[in-house]
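For reference, positions follow the sequence shown, starting with 1. We count ligands from 1, going down the list as the structure has it; atoms in each ligand are counted the same way.
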Amino acid sequence: MGGMATVVEEGARVTGNERGTEHFDVILVGAGLSGIGAAYHLQKEFPKKNYVILEGRKAMGGTWDLFRYPGIRSDSDMYTLGYRFRPWREAKAIADGPSILNYIRETAREYGIDRKIRYGCRAKRATWSAEAAKWTLEVAGDGGATTRMTCDFLYMCSGYYDYAGGYMPGWPGMERFGGTIVHPQKWPEGLDYTGKRVVVIGSGATAVTLVPAMTDKAEHVVMLQRSPSYVLALPGKDMVAEWLRGKVPAGLAYMIVRWKNVLVAMYLYQQSRKHPEKIKKWILGLAKKSLGPNFDVAKHFTPRYNPWDQRLCFVPDEDLFRAIRSGKASVVTDEIETFTEKGLKLKSGEELAADIIVTATGLKVQLMGGMEVWVDGKQIQFPKTLAYKGMMYSDVPNLVSTFGYTNASWTLKADLTAEYVCRLLKHMEAGHYDVCTPRKRENNIQEEPAIDFSSGYIQRAMDVLPKQGSKRPWRLHQNYALDLLEFRYSNVDDGTMEFSRVKKLAEARG
Ligand SMILES: Cc1cc2nc3c(=O)[nH]c(=O)nc-3n(C[C@H](O)[C@H](O)[C@H](O)COP(=O)(O)OP(=O)(O)OC[C@H]3O[C@@H](n4cnc5c(N)ncnc54)[C@H](O)[C@@H]3O)c2cc1C
């Protein structure tokens, strides 16, 4: 072993690396909901594999630690946003951000995953060597120093957006505004909005969360939207879960409610696709019933698109509608002409006075947490790749990245992806393979956008996202039941995934 590093810390293995470079079987990037879930599956199926989780921030939890705006919550139910392996036990089905963060932290603690996280370690570049069949990661530490690590398999759980800052369209006159402008992704700690006039720009999930939440202290909150979204009220607590509580074991109750919610969400999505007019009428009917005859639902809650052409917005216990009914919140559907010293001037000529303007204008979609990926000397341009099962990329070996569904909870797909990764690694172990690479072998596969949403943030992301193919396994289902069959039971060696033995061959050659 002369000249080689000794074991640096628990989990790191000494290999033929240059001195001081740690090697891991698997490096996970990101300690959010996905990273913690992925680590659970990995260590359960491979107790002997050494792995580490690199986390760029100083805390785990990702989204649920970053976002701190008033009222921050999920809009998925926690029976499907929670992990399959760890029941959600709280009464709230739509949970607040701190409870979700707590759930992630407790999961990490319970399974000892917290000891595997290295904070303040941002993966900047990953370089694949075909000769060595491993990845080398350049990792920026807190102090700015870059270290190198290597791994056999790289598992990205880095989310889907840029942590550095959200999407902010430029409006004329912003610099003139005398009040405070806030983006929800960078909510100032302790921002006091007591008695203030607030305008929230946006009509997505964040806006519909913020508006009722800020009516607790603000004088008035306006939701200013260029165009409306579909807003559907759901009960904050799940009736079936409540009924089952105490009657059957918690784990069983969780599974029943999880499947019930999966099937209801799938049904709503399929019906929206097949009978958009019927679903549109139903959603608008509920809004009308809640908001009363004097509210202009046609203007403020009737989008130009069909349900599920963009993500639906869910509100628990009609909180948004109740805030509007109480007079503490209102909706304005108009366009901004300019910011003024005192607020906003709209294209209709109306002026909105404001002390605080919140730009709930969305995220900047980012792949791989901003990390560059190089394979054999060439930087991978992800928009030129085809996504394999929505988790690997054509001609990129030994790399998986986690993505959730657009029409269902993120964790449903993240959990399936983790299970699939374990099956893949088992297949490789059994066959003594060290490389797996999805290869597009057929010529009759058409390339299509990865996501067929008309939402602004998806449209803006088209030059960042990979493509999907017209056929399996390049086709994205956005359907948990189909994915479950495919991810859990289909043959890993499917004719598209290429397996090879690089190190074994090199060893044999001497
Ligand atoms: C406000 C908000 C509400 C949401 N609500 C829902 C919901 O109700 N239901 C739903 O299904 N989805 C929702 N989502 C989507 C949500 O992001 C996912 O549910 C889920 O939290 C994603 O988990 P993740 O671990 O994959 O990614 P993230 O939560 O984004 O975590 C990624 C982690 O990776 C780290 N990281 C990134 N790049 C690097 C790098 N290069 N090096 C090191 N570390 C890195 C980040 O610091 C972060 O900790 C919401 C998103 C937002 C922003």
Side-chain angles (χ1 to χ4, degrees), residues 27-39 52-69 71-83 93-97 100-101 103-104 107-108 117-126 137-142 149 154-164 166-167 183-185 187 202 204-210 234 261 265 311-316 360 362-373 391 400-415 417-418 457 480:
I27 292 183
L28 288 149
V29 177
L33 193 57
S34 306
I36 303 301
V52 70
I53 306 179
L54 303 180
E55 171 50 59
R57 302 177 68 239
K58 291 204 175 74
M60 74 170 98
T63 299
W64 305 105
D65 183 68
L66 177 74
F67 279 83
R68 299 290 173 111
Y69 58 75
I72 169 77
R73 59 162 171 82
S74 65
D75 60 2
S76 300
D77 67 279
M78 287 308 296
Y79 301 94
T80 55
L81 192 63
Y83 302 115
I94 304 275
D96 56 89
I100 304 173
L101 180 58
Y103 173 79
I104 298 173
T107 308
I117 306 172
R118 292 205 198 159
Y119 293 105
C121 289
R122 179 151 294 278
K124 301 294 267 185
R125 181 189 298 208
L137 257 69
E138 286 170 36
V139 181
D142 260 351
M149 293 176 183
L154 184 52
Y155 192 169
M156 301 301 293
C157 296
S158 49
Y160 65 102
Y161 61 87
D162 188 352
Y163 270 68
Y167 172 68
H183 194 286
Q185 192 168 328
W187 198 264
T206 303
V208 303
T209 303
L210 266 167
L234 294 178
N261 290 356
R311 232 185 139 109
L312 291 193
C313 289
F314 297 106
V315 293
L363 307 159
K364 271 192 243 164
V365 174
Q366 190 184 54
L367 224 61
M368 304 286 147
M371 184 184 77
E372 284 179 15
V373 178
M391 54 168 239
V400 162
S401 65
T402 305
F403 272 95
Y405 292 116
T406 50
N407 59 1
S409 279
W410 183 274
T411 321
L412 292 172
K413 179 83 183 272
D415 259 351
T417 302
Y457 78 103
Y480 178 66

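Near L54, with a cut-off below 4.0 Å to any heavy atom, the atoms of ligand 1 are 43 (C), 44 (N). Taking every heavy atom of Y160 and a limit of under 4.0 angstrom, the matching atoms of ligand 1 come to 15 (C), 17 (O), 51 (C).
No part of P184 comes within 4.0 Å of ligand 1, judged by heavy-atom distances. Using a 4.0 Å cut-off between heavy atoms, F403 makes no contact with ligand 1 at all. With a heavy-atom cut-off of 4.0 Å, C157 touches ligand 1 through its backbone alone. With a 4.0 Å heavy-atom cut-off, ligand 1 is reached by the side chain of L81 but not by its N, CA, C or O. Contact annotation for W410 and ligand 1: heavy atoms of both the backbone and the side chain come within less than 4.0 Å of the ligand. Counting heavy atoms under 4.0 Å from ligand 1, residue Y405 does not touch it at all.
Taking the six-membered ring for Trp and thresholds of 30 and 60 degrees, Y69 and F67 have ring planes more than 60 degrees apart, a perpendicular arrangement.
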Step by step, would you call S76 with W410 a side chain to side chain donor-acceptor pair (under 3.5 Å)?
CA-CA 9 Å; S76 300; W410 183 274; over 6 Å; no
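Residue contacts with ligand 1 do not include F314, since none of its heavy atoms lies under 4.0 Å from the ligand.
Protein heavy atom closest to atom 16 (C) of ligand 1, with residue, atom name and distance, is T63 OG1, 4.0 Å.
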